[in-house]
Structure formats: C-alpha cells, structure tokens
Amino acid sequence: AASAQRPEEVIQRYMEVVAGVQDEDCIICMDQLSNASGYETQSTEEGPSVLPDTVGKFIKCGHTLHMLCMLAMYNNGTKDGSLQCPSCKTIYGEKTGTQPKGKMEIYSIGQSLPGHPDCGTIQIIYSIPPGLQGPEHPNPGQPYSCRGFPRFCFLPDNDKGRKVLELLKVAWMRRLIFTVGTSSTTGEPDTVVWNNIHHKTEMMSNLSGHGYPDPNYLDNVLSELASQGVTEDCFKA
Ligand code: NAD
C-alpha cells in the first residue's frame, strides 16, 4: 500500500532536486531557499535522508521549496503516500482522508428538484455509527459521536448529477466526505462532520442554504471535488 512507503521516497517521487541557489522564499518556512530549512534531518537506517539545504521542485506544477520543509509537512499529515503543493494545491498521488467507517447508499426518486424540472432525483444516504478515534483523528482512542445520521442528500438525476454521483463515490472510497472534528454548527468536538465537499441535504426548498434551487451547485461541488484530487481523470485507466 502507498501508506507503507517511506516518507522520503514519497517526497522524492513527486519532487526533483534543483541545483543552484534560488532567489525566492520557501512557502513553508518563509526563509530564503538559499538558506537551509529550519527542520532537522531525521537520521534513518533505511535509506538516504533529505538534507536541510536541498531545494525541491514539484514535477507537475514546478513550485520550489525546501524538500525537508515538505517532508515535515507530509509527516504532520495522514501520510497516505500523496502530496499537495502548498503554493497551488496541485495533488500528487491519491489524496485520502480520515472519514470513519460507514455506509453510502444510492436511491432513485421520481420527484424533481426545484430548478431541475426535467428529471428525477438521486438520493444518497450516508450512515456512520459512533466509534473510537484512530491514530489519524484528533484524539486517538477517544470516542466520536455521529449527529444527524443517517444524512440524506439529493442530486438531479441528469448527466451532470450522475457525474457528480460517480465522483462522490470515489471521494467516499478515499474517505474524503466526512472527517472527525469540531462541528462549526454546534461547536461539539470529537464528532463526525462534513469535510469541504458540500452536499444538498434539503430537497424541496433552500431555507438552510443547503437545498434547491441552486443553479451553481453542481459546478461548485465539481470544483470542491477537484480540489481534493477527485476528477474525471479518476475513471481513466
Ligand atoms: P459543520 O457544522 O462543521 O459544517 C461543515 C460544513 O457542512 C460547512 O461547510 C457547512 O456549510 C456544511 N453544512 C452545514 N449545515 C449543513 C446542512 N444542513 N446540510 C449540508 N451541509 C451543511 O458540519 P456538521 O457538524 O456535519 O453539521 C452540518 C449539519 O449536520 C447541521 O447543519 C445539521 O443539519 C446536521 N447536524 C445535525 C445534528 C443533530 O443532532 N441532528 C447535529 C449536528 C449536525
């Protein structure tokens, strides 16, 4: 599994070493790239480590920063084998999240959504039972609560809505739809909350702002999915 890889190897897969001093700042430590990273090199028995003065360049977006700063950022996260450029947010590899175990079910409803009179409706039901937090959560070993589950969500059953549904299935598999944290609605900590991919939980009105009609919704959620690395590219072989 990607998560079993050494962090140094993950960094070196997606960044190449740049020779010559850059007249730029490192976006992580804000010091000049010509100065060494403030992070300490971890000595490892398994292989070469990253040195503090090594400057790395991301292979796709080309942004440069101290490799050791990027390694520290990676080690601070979920260590899932993926990297995200801190400048432009380009994702390398497959970003995964910390969504707890649960169930995603899909149903079809004949009724139309406001704003989408020409088609029926897709209903998604998310069920997540309470459990204990893992090492990837804010308070490992402590319980997490699950408020308002099952949560019911709605998409128009047209081409774009079905495309969003397929991408949401990918996001669910990658554990990106929910996370464990503090609810901004209730202030409750250690609870399962939405994680930056908006869902429509109100079918026939939009009193909450999380309902229909909302002509921009499908485009907005597509760009939220893309910023988590979930795009149509996921369906290419
Ligand atoms: P949150 O309050 O931490 O917010 C995270 C994101 O979810 C935000 O981007 C917000 O815009 C979005 N969001 C907020 N309310 C939403 C809603 N009704 N439908 C769809 N998206 C919504 O996230 P959370 O704690 O998961 O709470 C979101 C909603 O879940 C609450 O508004 C409420 O409807 C429901 N909830 C119910 C209970 C309950 O006891 N029944 C408890 C907590 C939350």
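When a residue number appears, it is its place in the shown sequence, counting from 1. Side chains included, hydrogens not; waters and symmetry mates left out as well; all remaining heavy atoms used. Counting convention: from 1, in listed order, for ligands and their atoms alike.
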By ring-ring contact (aromatic ring centres under 6.0 Å, His included), F178 pairs with (sequence neighbours left out) Y126, F149, W194
Protein heavy atom under 4.0 Å of atom 11 (O) of ligand 1
yes
### Query
Taking N or O atoms only and a 3.5 Å limit, does R147 qualify as a polar contact for ligand 1?
no
Heavy-atom closest pair (G161 atom, L155 atom, distance to 0.1 Å) is O-CD1, 3.6 Å
Within the 4.0 Å heavy-atom cut-off, what E202 brings close to ligand 1 is neither
Are any of the side-chain nitrogens in K169 or E166 under 4.0 Å away from the carboxylate oxygens of its partner?
yes
Proximity flag H198 to ligand 1, non-hydrogen atoms under 4.0 Å:
yes
Is D214 salt-bridged to K200, cutoff N-O under 4.0 Å?
yes
among protein heavy atoms, the one nearest atom 25 (O) of ligand 1 is S183 OG, 2.6 Å
For atom 28 (C) of ligand 1, the closest protein heavy atom turns out to be W194 CD1, 3.5 Å
Query raised in the report: Do any nitrogen or oxygen atoms of S184 lie less than 3.5 angstrom from nitrogen or oxygen atoms of ligand 1?
Result: yes
Atom 41 (N) of ligand 1: of G187, G148, G209, the nearest heavy atom sits on G148
closest protein heavy atom to atom 27 (O) of ligand 1 is T185 OG1, 3.7 Å
Quick one: are the ring centres of F58 and Y92 less than 6.0 Å apart? yes
Less than 3.5 Å between some nitrogen or oxygen of T186 and one of ligand 1, yes or no? no
Check your understanding: Do any non-hydrogen protein atoms sit less than 4.0 Å from atom 33 (C) of ligand 1?
Key -> no
Exercise. Do NZ/NE/NH1/NH2 and the carboxylate oxygens of K79 and E136 come within less than 4.0 Å?
Worked result: no
the protein heavy atom lying closest to atom 26 (O) of ligand 1 turns out to be R151 NH1, 2.7 Å
Sorted by chain and number, sequence neighbours left out, salt bridge (charged side-chain N to carboxylate O under 4.0 Å, His left out) with K160 holds for D219
When distances are taken from atom 15 (N) of ligand 1, the protein heavy atom at minimum range is H210 NE2, 3.3 Å
The closest protein heavy-atom partner of atom 19 (N) of ligand 1 is T201 OG1, 2.6 Å
Rounding to 0.5 Å, atoms CD (E94) and CZ (R174) come to a distance of 3.5 Å
